[in-house]
Amino acid sequence: MSSENTIPILVEFTGGLEMLFGDERKHKLSIPSKDEQGNAVNIGWLVKYLCDKVMKDSRKEMFVLDGHVRPGILVLINDADWELEGEASYALLPNDNILFVSTLHGG
Amino acid sequence: MAPALCANCKTSRALIIRPKNHQKLCKECFIAVFEAEIHHTIITTSLFSPGDKIAIGASGGKDSTVLASVLKTLNERHNYGLELVLLSIDEGIKGYRDDSLETVKRNAVQYDMPLKIVGYDELYGWTMDQVVEVIGKKGNCTYCGVFRRQALDRGAKMLGIKHVVTGHNADDVAETILMNLLRGDLPRLARSTSIVTGDATSDVRRSKPLKYAYEKEIVLYAHHKKLDYFTTECLYSPEAFRGSARSLIKNLERVRPSAILDVVRSGEDMAKLVPEEVTGISQCKSQKVSLSSADGEDEGAGGCGSANGRSSGGEMAAMEKKLQQDETASSREIDMSNPIASGQNHDRLIKKTGPIKPVRIESSKKLVGQTLGTCKTCGYMSSQEICKACTLLEGLNKNRPKMEIEIDVEEEESSTLRRRMEGVALAAG
């Protein structure tokens with residue numbers, strides 16, 4: 001696969017979510033630039049990808065509920081709230097930094 | 001999508017959209033506004049006086065870390081004249097609290113504040129690890145919550161401090177309001193909405209300066225200020241956050257972000273309608289020690305997986321359990337009174353009913369006016385003759401020799417009862 005067909009991104013998990021991803025906070029990923037239908041990959045696609053390919057834990061519902069990021073988990077795209085960026089429909093760009101922060105866990 | 005500009009400075013890129021009003025702010029303006037609002041809360045409620053010594057209930061988690069950071073900032077910026085101290089509780093859970101206490105120790109250095117750690121072992125003679133050995137993994141949250149509330153008071157007294165602040169946020173308060181509404185607990189509804197409990201005559205007052213701060217903004221504040229905080233799940237109550245009141249709040253926020261503050265304000269308005277003789281609000285300092293229930297309570301200070309008392313949602317699960325238990329409560333009373341009347345098995349019954357006891361005590365207390373006194377056993381604030389912590393301790397201490405006693409006695413009557421109790425526990429679990 002040539003580099004034109006993949007894009008590098010950095011995905012981070014904090015606030016307790018790292019527990020679902022092998023206790024690794026940072027994940028450097030190389031993801032396809034297009035989904036199965038040939039559309040540019042977006043956050044919605046990434047979330048499913050993370051669930052299917054990256055998550056080490058079987059408790060998917062702690063990250064995704066009813067096909068959406070679980071309420072109480074914040075998503076920051078390059079430090080900006082994803083609500084400012086179109087949420088799940090945000091099309092990923094090379095070197096994007098996507099941060100998932102759980103507000104649900106205790107201290 | 002073109003990047004939005006900050007609605008405040010109109011120069012930097014907006015990174016935050018505020019849940020309460022959809023305002024788009026840049027990082028610097030968000031931090032300034034967040035701090036200004038906490039300052040506003042503190043000023044309008046006359047929370048502190050110059051010279052006050054304040055203990056910050058610190059768990060190393062996001063809420064208490066943000067609280068410590070903001071209070072330090074505001075104390076210096078606005079010359080509150082406060083002496084701030086970090087107060088941490090060590091429940092004695094190996095592999096859980098150790099790491100978060102390390103975070104608190106770092107915070108003490110970062111914020112240049114003295115740190116006091118008080119342990120359950122020194123206060124009660126029991127670590128939570130030991131309690132779990134006796135009680136089991138179910139129901140031990142009751143003990144932890146009751147012990148923690150008194151531990152904060154005792155820790156404060158050791159330091160000669162009369163005011164403890166905790167990191168309860170708007171989400172916590174909204175969750176507690178919903179729970180108290182659902183169970184029709186008017187005294188607690190009233191107390192849970194007030195920013196400060198206790199008055200000048202109290203030994204220790206409690207307050208929650210972050211009461212109007214969204215959990216989301218607390219996390220974002222910690223993120224953008226790069227605060228050092230720790231996240232963990234209590235080993236004995238993993239995923240306690242999946243309680244349904246918590247989920248409900250988060251789902252409401254998703255649909256309409258202002259809902260959280262709306263619930264808080266509505267709770268405050270409803271609380272005003274509760275007569276004083278029901279709330280006992282003028283003497284409400286006692287509730288932290290003894291009126292707070294075993295399962296979900298007004299301060300939320302018993303949240304599993306949080307040391308300074310962030311309500312975690314496990315309380316809702318506990319409440320559901322309690323509701324189920326309430327349904328069977330009357331029949332259970334009858335079940336148990338028979339063998340008790342017969343006398344012989346008294347000790348065993350106490351043991352068997354130990355973990356469920358607080359629920360029974362509480363269910364008969366609804367809407368009874370609450371007055372403050374002191375516990376006959378430990379002398380700490382209590383509305384009952386014996387405070388909840390001492391009641392639980394008594395049960396625990398009786399349980400210590402449990403193993404030997406139980407093996408040799410095997411009467412039909414009590415094993416039947418035990419089976420019944422196990423049935424109840426299963427149904428409730």
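Side-chain atoms of A:L99 and B:H223, non-hydrogen and from C-beta on, do get closer than 4.5 Å to each other. Counting heavy atoms from C-beta outward, B:L220 and A:L74 have side chains that approach closer than 4.5 Å.
Residues B:K250 and A:G72 approach most closely at CD-CA, 3.7 Å, considering heavy atoms. Across all non-hydrogen atoms, the minimal contact from B:K216 to A:D81 is NZ-OD2, 2.8 Å. Residue B:A14 comes nearest to A:A80 through the heavy atom pair O-CB, 4.4 Å, listed as atom of the first residue, atom of the second, then distance. B:H224 and A:D79 make their closest contact through CE1-O, 3.5 Å (heavy atoms, listed as atom of the first residue, atom of the second, distance). Contact between B:L15 and A:N78 at its shortest, heavy atoms only, is CD2-O, 4.3 Å.
A salt bridge does not link B:K24 to A:E85: none of the charged side-chain nitrogens sits closer than 4.0 Å to a carboxylate oxygen. Salt-bridge formation is not detected for the pair A:E83/B:R254: no Lys NZ or Arg NE/NH1/NH2 atom is positioned less than 4.0 Å from an Asp or Glu carboxylate oxygen.
With a 4.5 angstrom heavy-atom cutoff, A:L65 does not touch chain B via any of its atoms. The contact between B:I17 and chain A is made by backbone and side chain atoms together, counting heavy-atom distances below 4.5 Å.
No more than 12 heavy-atom neighbours from other residues, nucleotides or ligands sit within 6.0 angstrom of NZ on A:K26.
Between chain A and the options B:K27, B:R13, B:E253, the largest number of non-hydrogen pairs under 4.5 Å is found for B:R13.
The line from OG1 of A:T103 to CG of B:D171 is 7.0 Å long, rounded to the nearest 0.5 Å.
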